[in-house]
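Single-structure report; data block below.
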Amino acid sequence: MMQFPETFVWGAASAAYQIEGYDLEDGGGASIWRTFTHTPGKIAYGDTGDIACDSYHRYAEDIALLKELGVRAYRFSTSWARIDPNADGTWNPAGLAYYDQVVDNCLNAGIEPYMTLYHWELPQASQDRGGWESEETAYAFGRFAGMMANHFKGRVKNYFTLNEPQCTTSLGYQQGVHAPGLKLKLPKVFSCHIHQMMAHGLALRAIKAADPDAVVGIASTGNLCYPETETPENIEAARQATFATDADNWIFTHQWLLDPIILGHFPDCPGTRLEPLVKKVTQKQMAIIHCPPDMLGYNIYNGHAVCTGENGPIYIPKYPGYPRTALKWPVTPEVLNWGVRFLQERYKLPGYITENGLSCNDRIYLDGKVHDPDRIDFLARYLTALSRAVESGADIRGYFHWSLTDNLEWHSGYGDRFGLIYVDFPTGQRIPKDSFCWYRKLIRSGRVDPAN
Ligand code: IFM
């Protein structure tokens, strides 16, 4: 089994609305997720982020646990609404002071902060002015990003502009299962996508203007394929299937986000209903969008096995009883080998796995501990696959486990636990799971050993 390079950045990840709680405290503004979780029927069990893991007050404990885990980096997000409640550039000093504490505690613990500036909690004030349907939101986000970089210059070096814009566009503005809960038609959905790509471009430029030493990325998610068996034909079929355009499923792809940003053009889509929309993108918009980042974040949970067929790639149907996580997501470790390689070949930028992990039905056992062999097995498989991608020469520089602690899994509520650390939500007590100890040993040795 391969040894990961010494420079490899091992980390864990979280997001503001999922962990912090107390979003309105100290002058914070409401976000679309507060509105959404407080709308009856939107979230499983009627859960809200009002308290979440209470990381707003318990951040020092979380960072002490990160130190115990031995990670080199912590990827967390900042709540735009806590800092800039009206999304108009009027900063809330107390909101900003919270992130000063988080950043300074990380630095004092020897942990590098990787700051995500937008992980879905749009200020409600911005939504009231049109949210991502409006170009104004892109400019407001650019302003926010510049201000953040100016403030954190010298302390934060690594930024991600947006987390998974694919989910915002699809789940939030098309399917309506995430905030703001809209079910828009394609032209409007497409403009939400354009405005987020513009937001990335404006933010990246603003961060660089404020801090030329900053390293800026975007965290992307989407369809990925891997070869059923590793023949050259199947590998090529998996590559083609990964980047094929299906006009009905374009949002959950990496290329509809990353091609315009990095390559400066949209994927080919002749004769589809996307073509006229692409043609309407103005030169001015495209000039803002085409803004390659310094690095890429990939949020990868599963993929599809593919083989070659007479008429092109064939998706292999899942067999009855195939392995699944508690959220019923397929367990497909090879996606962390081949999916990553395909992405790296296409975009040629340093990459990080900014999210990977699984939900388990974790609970406290009679011995008072949380045993999660499923998570250990999953990690051993996925990280072995990742080690093969690194060994093949793919420029992957780090891995952030999703998530540090159990947290609010958006519309699924608190029932789905992704953490290395169990959170007893009624009391806020943190209990490191068995996987926490396993991951700590892996970080120390740099080698994947299922029997750790
Ligand atoms: O919890 C989410 C995270 O906020 C974004 N990526 C996927 C995770 C698991 O669903």
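Counting begins at 1 with the first residue of the sequence.
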Look at the side chain of Ser77 and the backbone N and O of Ala16, then say whether any donor-acceptor pair between them is shorter than 3.5 Å.
-> yes
Using the ring of each side chain (for Trp, its six-membered ring), is Trp33 parallel, tilted or perpendicular to Tyr17, with breaks at 30° and 60°?
-> tilted
Given side chain to side chain donor-acceptor pair (under 3.5 Å), test Tyr99 with Ser79 step by step and report yes or no.
-> CA-CA 9 Å; Tyr99 296 107; Ser79 163; 4.7 Å; no
Is a salt bridge present between Arg430 and Asp62, judged by a nitrogen-to-oxygen distance below 4.0 Å?
-> yes
Walk me through it: do Arg375 and Leu420 pass the test side-chain contact (heavy atoms from CB on, under 4.5 Å)?
-> CA-CA 9 Å; Arg375 186 166 285 102; Leu420 294 167; 4.3 Å; yes
Partners meeting side chain to side chain donor-acceptor pair (under 3.5 Å) with His265 (sequence neighbours left out) | none
When you look at OH of Tyr365, are more than 12 heavy atoms from neighbouring residues, nucleotides or ligands closer to it than 6.0 Å?
-> yes
Would Asp374 and Lys433 pass as an ion pair if we require N to O under 4.0 Å?
-> no
Can you check whether Thr332's main-chain N or O pairs, donor with acceptor, with Tyr382's side chain at less than 3.5 Å?
-> yes
Under the side-chain contact (heavy atoms from CB on, under 4.5 Å) rule, collect the residues that match up with Thr282, sequence neighbours excluded.
-> Lys284, Gln285
Trp120 vs His178 aromatic rings, parallel, tilted or perpendicular, using cut-offs 30° and 60°?
-> tilted
Please identify each residue that fulfils side chain to side chain donor-acceptor pair (under 3.5 Å) with Trp256, with sequence neighbours left out.
-> Thr245
Residues passing the side-chain contact (heavy atoms from CB on, under 4.5 Å) test with Ala326, sequence neighbours excluded, are Ser359, Asn361
For residues Gln174 and Thr169, is any side-chain donor paired with an opposing acceptor at under 3.5 Å?
-> no
When the ring planes of Tyr319 and Tyr322 are compared, do they come out parallel, tilted or perpendicular, using 30° and 60° as the limits?
-> perpendicular
Taking only Lys NZ, Arg NE, NH1 and NH2, and the carboxylate oxygens of Asp or Glu, determine whether Glu391 and Arg388 approach each other closer than 4.0 Å.
-> no
Please list, chain by chain and in numerical order, all residues satisfying side-chain contact (heavy atoms from CB on, under 4.5 Å) with Pro187, sequence neighbours excluded.
-> Lys185, Leu277
Fit a plane to each ring of Tyr352 and Phe160, take the angle between them on a 0 to 90° scale, and name the class: parallel (under 30°), tilted (30 to 60°) or perpendicular (over 60°).
-> perpendicular
Aromatic ring centroids of Phe8 and Trp10 under 6.0 Å?
-> yes
Taking atom CG of Asp268 as the centre, report whether more than 12 heavy atoms of other residues, nucleotides or ligands fall under 6.0 Å from it.
-> no
Okay, side chain of Asn223, backbone of Thr253: is any donor-acceptor separation there less than 3.5 Å?
-> no
Name all residues meeting the side chain to side chain donor-acceptor pair (under 3.5 Å) criterion together with His195; count only those two or more places apart in sequence or in a different chain, and write none if there are none.
-> none
Any donor and acceptor pair, going by atom type alone, linking the side chain of Ser387 with main-chain N or O of Met2 inside 3.5 Å?
-> no
Could you tell me whether the side chain of Ser134 and the main chain of Gly131 form a donor-acceptor pair under 3.5 Å?
-> no
To the nearest 0.5 Å, what is the distance between CG (Asp23) and CG (Asp50)?
-> 6.0 Å
When you measure from the side chain of Asn356 to the backbone N and O of His401, does any donor-acceptor pair fall under 3.5 Å?
-> no
Using modelled atom types only, decide if a donor and an acceptor are shared between the side chain of Lys208 and the backbone of Ala214 within a distance under 3.5 Å.
-> yes
Ion pair present between Asp362 and Arg417, side-chain N to carboxylate O less than 4.0 angstrom?
-> no
Classify the angle between the aromatic ring planes of Phe243 and Tyr347 as parallel (below 30°), tilted (30 to 60°) or perpendicular (above 60°).
-> perpendicular
Under the salt bridge (Lys or Arg N to Asp or Glu O under 4.0 Å) rule, what do Arg273 and Asp248 come out as? Steps first, then yes or no, please.
-> CA-CA 9 Å; Arg273 58 199 188 119; Asp248 291 327; 3.3 Å; yes
Between the side chain of Asp47 and the main-chain N/O of Tyr414, is any donor-acceptor distance below 3.5 Å?
-> yes
Mutual orientation of the aromatic rings belonging to Phe190 and Phe266 [parallel < 30°, tilted 30-60°, perpendicular > 60°] | tilted
Option among Asn407, Leu408, Ile421, Leu404 that satisfies the side-chain contact (heavy atoms from CB on, under 4.5 Å) test with Cys53 = Asn407
Could you verify whether a donor N or O on one side chain and an acceptor N or O on the other, from Thr7 and Arg397, lie under 3.5 Å apart?
-> no
Dump the intermediate steps for side chain to side chain donor-acceptor pair (under 3.5 Å) on Asn299 and Glu355, then the final yes or no.
-> CA-CA 4 Å; Asn299 294 0; Glu355 285 183 25; 3.2 Å; yes
Charged N-O contact under 4.0 Å between Arg341 and Glu345 = no
Going by atom types only, do Ser403 and Gln18 share a side-chain donor-acceptor pair under 3.5 Å?
-> no
Would you confirm whether Asn163, through its side chain, and Ala219, through its main-chain N or O, come within 3.5 Å as a donor-acceptor pair?
-> no
Can you tell me if Arg440 uses its side chain to pair, donor with acceptor, with the backbone of Gly70 under 3.5 Å?
-> no
Does a side-chain N-to-carboxylate-O contact under 4.0 Å join Asp211 and Lys157?
-> no
Is Asp259 paired with Arg346 through a side-chain N to carboxylate O contact shorter than 4.0 Å?
-> yes
Walk me through it: do Phe4 and Ile396 pass the test side-chain contact (heavy atoms from CB on, under 4.5 Å)?
-> CA-CA 10 Å; Phe4 278 90; Ile396 294 294; over 6 Å; no
Would you call Glu121 and Arg82 a salt bridge, taking side-chain N to carboxylate O under 4.0 Å as the test?
-> no
